[in-house]
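Both counts, for ligands and for their atoms, begin at 1 and track the order of listing. Just so you know, residue 1 is the first one in the sequence shown, and it goes up from there.
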Amino acid sequence: MRIDILSIFPEMFVGPFEHSIIKRAQESKLAEIHIHNIRDYTTNKHKRVDNYAYGPGAGMVMMIQPIADLIEKLTSERNYDEIIYTSPDGNLFNQSTANYLSLKNNIIILCGHYKGIDQRLRDKYFTMELSIGDYVLTGGELASMVIADAIIRLIPGVLSDETSALTDSFQDGLLSPPVYTRPYEYDGMKVPDILLSGNDAEIEKWRLEEAIRKTKTLRPDLWEKLEG
Ligand code: ADE
């Protein structure tokens, strides 16, 4: 899978994609991440990437020309399955969207800034608009990293133990059950005996019960969706 990220702050991406699972996914060619500097596509003398919004007191908007040229260039080189714009007014990104996107070949993610992008760009090029939560970030860079990270770990073959993605929180709509490691007794608290019973079926049953109990308590909104 190839992800092209369009940003006015490409330096922000140094680091997050260079460790652990995401690094290995790229080394094994399961994921390719290309960061593009929008500023490199400006044609104005001062390499400006913003412009005034029409109407009073509306602030700055990302300039149309460099974004349009960059998207035109990329889409002339290959077909993209989705062209995504990150914005707090997009649809809430969740595990089901991550699953859907992890099965795509090529996607573009534009990191939004200022007051956003011109509505006509949204209408012309973008197939998805995603928000990572109901709060406002300084820009879409962190959002695009969150989205790319959540997608890449789901690409088949990226996680060494394939089942570990299947048992993630949210994968079945429930939060994950608690997990325990050694020692058996820590600070007077013991590991639940069922986990030492050797009875795999009973352990699975216990895990499901715990997942349901946790979801009902911590995320009644998720539980309601499952029941509804
Ligand atoms: N840009 C600013 N805030 C954002 C958010 N919550 N999600 C996606 N992009 C954003």
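Protein heavy atom nearest atom 1 (N) of ligand 1, with residue, atom name and distance: Pro88 CD, 3.5 Å. Closest protein heavy atom to atom 8 (C) of ligand 1: Ala143 CB, 3.4 Å. Counting only heavy atoms of the protein, atom 7 (N) of ligand 1 lies nearest to Ile132 N, 3.0 Å. Closest to atom 6 (N) of ligand 1, if we only count protein heavy atoms, is Tyr135 O, 2.8 Å.
Every atom of ligand 1 is numbered from 1 in the order shown, and the set under 4.0 Å from a heavy atom of Gly139 is 1 (N). For ligand 1, the atoms closer than 4.0 angstrom to any heavy atom of Leu130 are 8 (C). Less than 4.0 angstrom separates some heavy atom of Val136 from each of these atoms of ligand 1: 3 (N).
Nearest-heavy-atom check against atom 9 (N) of ligand 1 across Ser87, Ser131, Gly112, Gly116 picks out Ser87.
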* Just do the side-chain hydrogen bond (donor to acceptor under 3.5 Å, both in side chains) check on Asn44 and Thr42 with the steps written out, would you? => CA-CA 6 Å; Asn44 65 86; Thr42 51; 4.6 Å; no
* **Stepwise salt bridge (charged side-chain N to carboxylate O under 4.0 Å, His left out) test for Asp4 and Lys73** => CA-CA 12 Å; Asp4 289 272; Lys73 174 185 173 302; over 6 Å; no
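Summarising the geometry, atom CD1 belonging to Ile3 is positioned 5.0 Å from atom CD1 belonging to Ile151; distances are rounded to the nearest 0.5 Å. Between Asn99 atom CG and Phe170 atom CZ the span is 12.0 Å, to the nearest 0.5 Å.
Judged by the shortest distance from any of its heavy atoms, Gly133 lies inside the 4.0 Å radius around the atoms of ligand 1.
Aromatic ring centres of Tyr41 and His36 lie farther apart than the 6.0 Å criterion allows.
Here the side chains of Asn51 and Asp118 are not in contact, with every heavy-atom distance at 4.5 Å or above. Using a 4.5 Å cut-off on side-chain heavy atoms (C-beta onward), Glu141 and His113 make contact.
Taking any N or O of Leu137, backbone or side chain, at least one lies under 3.5 Å from an N or O belonging to ligand 1.
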